[in-house]
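Step one of this worksheet: look at the structure below.
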Amino acid sequence: WSNGEKVGEGAEGLAQGDPLSTALFCVAIQDALVRLDEALAAVGGLARCGADDGFATGPLEVLFPAFVAFKVELQESCGLSLQWSKVGLYVPEGVELVLPEGVSAPSGVKRVGEWLEGKWEPGFKLWVVPVGSSAFVKSVLAARVEEVRQEADLVAEVVVLVSKHAAWNLLQFSIIAKMDHWLKLCY
């Protein structure tokens with residue numbers, strides 16, 4: 001549905017990786033996303049999506065009911081089923097989660113973060129950028145640095161056998177660009 005008009009039939013959808021699937025998904029959820037954003041904006045919040053990754057912020061007494069309405073609208077208007085188990089609730093470090101009277105988190109919603117050295121560190125990745133406690137952000141960035149290091153080691157093992165110059169060029173034009181991308185997103 002778009003602007004209240006049916007634009008196609010939903011069934012299984014397109015094959016994963018089909019270039020049209022992301023664009024069609026975005027079109028399908030646009031109207032519902034606008035309504036979610038408007039409901040949250042009225043109380044200082046917002047809703048944003050980048051393809052199929054999104055986030056919404058606002059006071060819990062408005063956020064949860066608005067998000068439930070968003071879920072219902074997606075199901076009714078285009079047959080999309082939002083899975084509560086894939087919805088995370090970010091609660092910043094040092095903030096106690098207290099739900100207003102009569103408001104409960106939908107079943108399956110979980111707090112986002114990870115256990116680091118025996119301590120819960122709240123956080124999530126917003127379009128690959130880590131957001132959360134300092135320990136969470138450092139952990140995510142350290143994992144990315146290690147991933148790039150392992151890739152560089154693999155390239156070095158394979159390409160250095162051919163030519164050290166070829167290895168340097170490959171690193172310079174591929175792995176260094178990946179690290180540079182991460183540094184730009186996270187500084």
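Atoms CG and CG, from Leu46 and Leu36 in turn, are 9.5 Å apart once rounded to the nearest 0.5 Å. In this structure, CG in Leu63 is found 8.0 Å from CG in Leu89, a value given to the nearest 0.5 Å. Separation of atoms CZ (Phe55) and CZ (Phe124) is listed at 7.0 Å; rounding is to 0.5 Å.
No continuous path of hydrophobic side-chain contacts links Val137 to Trp120 [ILVMFWY only; heavy atoms under 4.5 Å]. Both Val109 and Leu74 are members of a single hydrophobic cluster when ILVMFWY side chains are connected at heavy-atom separations under 4.5 Å.
A salt bridge links Arg149 with Glu146; the closest basic N to acidic carboxylate O contact falls under 4.0 Å.
For Gln30, the side-chain contact (heavy atoms from CB on, under 4.5 Å) test picks out Val34, with sequence neighbours left out. Residues forming a ring-ring contact (aromatic ring centres under 6.0 Å, His included) with Phe67 (at least two apart in sequence, or on another chain): Phe70, Trp84. In terms of the side-chain contact (heavy atoms from CB on, under 4.5 Å) criterion, residue partners of Val43 (sequence neighbours excluded) are, by chain and number, Pro59, Val62. Contacts of Glu117 classified as side-chain contact (heavy atoms from CB on, under 4.5 Å), with partners at least two apart in sequence or in another chain: none.
Between Cys26 and Ala51, the shortest heavy-atom contact is SG-CA, 3.7 Å. Closest approach of Glu73 and Asp31 over heavy atoms only: OE2-C, 4.3 Å. Of all the heavy atoms in Leu141 and Pro130, the pair that sits closest is CD2-CG, 4.1 Å. Here the shortest heavy-atom pairing between Leu40 and Ala66 reads CD2-CB, 4.3 Å. Contact record, Cys49 with Gly54: SG-CA, 3.7 Å, taken as the closest heavy-atom pair.
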Practice item. Kindly indicate, with the supporting measurements, whether the criterion side chain to side chain contact (heavy atoms under 4.5 Å, CB included) is fulfilled by Glu147 and Arg144. Key: CA-CA 5 Å; Glu147 180 183 307; Arg144 290 293 172 219; 2.6 Å; yes

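Phe136 is not listed as a side-chain neighbour of Pro122, based on a closest heavy-atom distance of 4.5 Å or more. Residues Leu80 and Phe25 are in side-chain contact: their nearest non-hydrogen atoms beyond the backbone lie under 4.5 Å apart.
For residues 42-59, the salt bridge (Lys or Arg N to Asp or Glu O under 4.0 Å) pairs, not counting sequence neighbours, are Asp37-Arg48. Evaluation of the side chain to side chain donor-acceptor pair (under 3.5 Å) test over residues 130-139, restricted to residues two or more places apart or in two chains, returns Glu114-Ser139, Glu121-Ser133.
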